[in-house]
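One structure is given below, encoded as structure tokens.
All figures in this text were calculated on a predicted structure; none of them were measured in a lab.
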Amino acid sequence: MKKLLKKTLELVLPIVLGGFILYWVYRDFDFAEAKEVLLHDTNWWWMLFSLVFGVFAQIFRGWRWRQTLEPLDAFPKKSDCVNAVFISYAASLVIPRIGEVSRCGVLAKYDNVSFAKSLGTVVTERLVDTLTILLITGITVLLQMPIFVTFLHDTGTKIPSLLHLLTSVWFYIVLFCFIGVAVLFYALRKTLFFYERVKGFVLNIWEGVMSLKGVRNIPLFIFYTLAIWVCYFLHFYFTFYCFSFTAHLGIMAALVMFVGGTFAVIVPTPNGAGPWHFAIISMMMLYGVNVTDAGIFALIVHGIQTFLVVLLGIYGLVALPLTNRQRK
């Protein structure tokens with residue numbers, strides 16, 4: 001019963017957290033206006049063009065992942081790695097962060113790759129991505145320091161009195177975000193304690209983590225890493241041209257919002273729903289976009305990009321058994 005309750009909380013809490021933040025962000029929003037923009041004022045050619053980069057970001061991630069597996073004498077098909085990544089992103093929509101586990105399970109099933117070792121390579125990937133986004137963030141903050149200072153001030157991060165803090169809606173949104181992150185770390189800690197009881201599991205994970213030392217083509221690994229993040233950025237940036245009220249925003253504005261949105265999705269909600277909207281709307285208003293238009297942008301773009309993740313996940317589920325049929 002206790003285990004069932006824990007699993008239920010892990011599934012429900014992210015949805016409740018995301019729903020709560022979305023409710024506060026869109027509590028006075030006119031959804032009819034968003035529907036009108038979606039049906040009649042959206043440039044779908046730009047939207048489709050942006051989605052291409054969303055697909056390639058995941059493809060490059062799959063190819064890079066295969067590079068980290070090769071030093072472990074694991075040589076899965078490139079298509080299996082890509083399809084596993086497709087599935088992992090879709091799985092994370094249901095249970096945040098479960099994708100890392102699910103893609104390792106896919107390769108264990110179809111390519112006989114050690115689950116523990118492949119999980120270690122995923123940890124390595126996350127460390128590389130963390131360093132990359134920190135580098136991007138540092139450069140962006142230096143270039144757009146006044147915008148970040150204004151953002152922190154306007155969202156209640158710097159407020160003159162404790163009373164004002166406790167009556168700020170944004171304070172409670174940030175509080176719930178921190179609670180969600182704390183619950184996530186607690187769940188991960190419990191999971192790792194379980195794995196440590198399995199003989200050899202931690203050593204296999206460590207071997208996977210250290211696989212980066214044996215990558216045979218470092219320049220190609222760096223290229224894939226840069227390509228992943230460039231594609232992520234362009235996936236977001238080109239959506240500006242889908243709407244008349246954001247088409248004038250420049251590449252620096254996009255970079256600021258991209259960084260803010262990237263950190264927002266750390267909060268364990270399905271595809272960052274809620275925190276991502278809050279970050280994008282708040283930052284977009286700093287560049288002169290009114291709150292209604294910013295809300296429409298965040299709602300439509302996040303919805304369509306999430307739909308893409310679902311479609312790719314379905315494709316991966318269908319493609320894997322078909323492309324591996326000859327092995328059986």
Side-chain angles (χ1 to χ4, degrees), residues 10-11 13-15 17-19 21-22 34 38 42 44 46-65 78-107 122 125-126 129 133 180 184 224 227-240 242 254 257-280 296-323:
E10 290 176 358
L11 178 62
L13 183 60
I15 298 174
L17 176 62
I21 299 173
L22 281 173
L38 176 65
T42 300
W44 287 101
W46 277 111
M47 185 65 75
L48 290 172
F49 185 55
S50 73
L51 295 180
V52 171
F53 292 96
V55 176
F56 271 102
Q58 296 193 35
I59 291 174
F60 285 132
R61 183 173 292 281
W63 291 350
R64 186 186 67 173
W65 186 29
K78 271 190 174 183
S79 61
D80 286 353
C81 291
V82 171
N83 287 325
V85 169
F86 287 165
I87 292 172
S88 72
Y89 276 85
S92 292
L93 294 179
V94 181
I95 305 177
R97 309 298 180 255
I98 197 66
E100 285 83 352
V101 176
S102 67
R103 63 163 152 155
C104 297
V106 168
L107 291 195
V122 171
E125 277 200 305
R126 290 308 181 198
D129 287 334
I133 192 57
L184 172 65
Y224 283 154
I228 289 168
W229 286 97
V230 168
C231 284
Y232 279 145
F233 173 70
L234 295 178
H235 182 40
F236 173 70
Y237 173 56
F238 285 127
T239 59
F240 281 13
C242 298
M257 294 177 213
F258 175 72
V259 168
T262 299
F263 279 98
V265 299
I266 294 175
V267 180
T269 63
N271 203 26
W276 188 88
H277 295 75
F278 162 59
I280 296 302
I296 290 172
F297 174 90
L299 194 66
I300 292 177
V301 169
H302 186 271
I304 292 174
Q305 291 184 350
T306 300
F307 184 62
L308 174 67
V309 171
V310 173
L311 287 181
L312 293 177
I314 293 173
Y315 170 82
L317 285 172
V318 173
L320 273 168
L322 294 178
T323 55

Q) Is the shortest heavy-atom distance from the side chain of Phe297 to the side chain of Met257 under 4.5 Å? A) no

Q) What distance separates Leu93 CG from Ile98 CD1, expressed to the nearest 0.5 Å? A) 12.5 Å

Q.
Could you report the tightest heavy-atom contact between Gly62 and Val85, atom names first, then the distance?
A. CA-CG2, 3.8 Å

Q.
For residues 51-62, which residue pairs pass the salt bridge (charged side-chain N to carboxylate O under 4.0 Å, His left out) check, not counting sequence neighbours?
A. Arg61-Asp129

Q. Roughly how far apart are Leu322 CG and Leu317 CG, rounded to 0.5 Å?
A. 11.0 Å

Q: Applying side chain to side chain contact (heavy atoms under 4.5 Å, CB included), name anything that partners Val265, two or more places apart in sequence or on another chain.
A: Trp276

Q.
Please report the interatomic distance CH2(Trp63) to CD1(Ile228), rounded to the nearest 0.5 Å.
A. 11.0 Å

Q: List the atom of Met47, the atom of Ser50, and the distance in Å for their closest heavy-atom pair.
A: O-OG, 2.6 Å

Q) When you look at Leu22 and His277, which way does the side-chain contact (heavy atoms from CB on, under 4.5 Å) test go after all the steps? A) CA-CA 8 Å; Leu22 281 173; His277 295 75; 3.7 Å; yes

Q: Kindly compute the distance separating OG1 (Thr239) from CD1 (Ile280), expressed to the nearest 0.5 Å.
A: 8.5 Å

Q. How close do Val122 and Cys104 get, heavy atom to heavy atom, and via which atoms?
A. CG2-SG, 3.7 Å

Q: Report the residues that fulfil side chain to side chain contact (heavy atoms under 4.5 Å, CB included) with Val106, sequence neighbours left out, ordered by chain and then residue number.
A: Ala84, Ile87, Tyr110, Leu320

Q: Provide the closest heavy-atom pair for Pro275 versus Ala273 in the form atom of the first, atom of the second, distance.
A: CD-O, 2.8 Å

Q: Taking the six-membered ring for Trp and the single ring otherwise, decide whether the centroids of Phe236 and Phe53 are under 6.0 Å apart.
A: no

Q.
Donor-acceptor pair, distance only, cut-off 3.5 Å: does the side chain of Ser92 make one with the backbone of Gly99?
A. yes

**Q.** Partners meeting side-chain hydrogen bond (donor to acceptor under 3.5 Å, both in side chains) with Tyr224 (sequence neighbours left out)
**A.** none

Q: Report the residues that fulfil side-chain hydrogen bond (donor to acceptor under 3.5 Å, both in side chains) with Glu125, sequence neighbours left out, ordered by chain and then residue number.
A: Arg64, Arg103

Q) Hey, mind stepping through Ile59 and Phe86 against side-chain contact (heavy atoms from CB on, under 4.5 Å) and telling me if it holds? A) CA-CA 8 Å; Ile59 291 174; Phe86 287 165; 4.1 Å; yes

Q: Evaluate the side-chain contact (heavy atoms from CB on, under 4.5 Å) criterion for residues Val230 and Phe56: first the C-alpha distance (whole Å), next the side-chain angles of each, then the deciding distance (0.1 Å), finally the verdict.
A: CA-CA 10 Å; Val230 168; Phe56 271 102; over 6 Å; no

**Q.** Check against side-chain contact (heavy atoms from CB on, under 4.5 Å), Val52 and Phe238
**A.** CA-CA 10 Å; Val52 171; Phe238 285 127; over 6 Å; no

Q. Of all residues at least two apart in sequence or in a different chain, which pass the ring pair (Phe, Tyr, Trp, His ring centres under 6.0 Å) check with Tyr232?
A. Trp229

Q.
My understanding is that only residues two or more places apart in sequence, or in another chain, count here; which of them pass side chain to side chain contact (heavy atoms under 4.5 Å, CB included) with Ile296?
A. Phe29, Glu33, Ala34, Val37, Phe245, Thr292, Asp293, Ile300

Q.
For a quick test of reading the model, state the closest non-hydrogen atom pair linking Ala279 to Gly260 and the distance between them.
A. CB-O, 4.0 Å

Please table the atom pairs, donor to acceptor, closer than 3.5 Å between any side-chain atom in residues 305-313 and protein atoms at least two apart or in another chain.
| from | atom 1 | to | atom 2 | distance (Å) |
| --- | --- | --- | --- | --- |
| Gln305 | NE2 | His235 | O | 3.3 |
| Thr306 | OG1 | Asn271 | ND2 | 2.7 |
| Thr306 | OG1 | His302 | O | 2.7 |

Q.
Once ring pair (Phe, Tyr, Trp, His ring centres under 6.0 Å) is applied, do any residues pair with Phe258, and if so which ones, sequence neighbours excluded?
A. Phe233

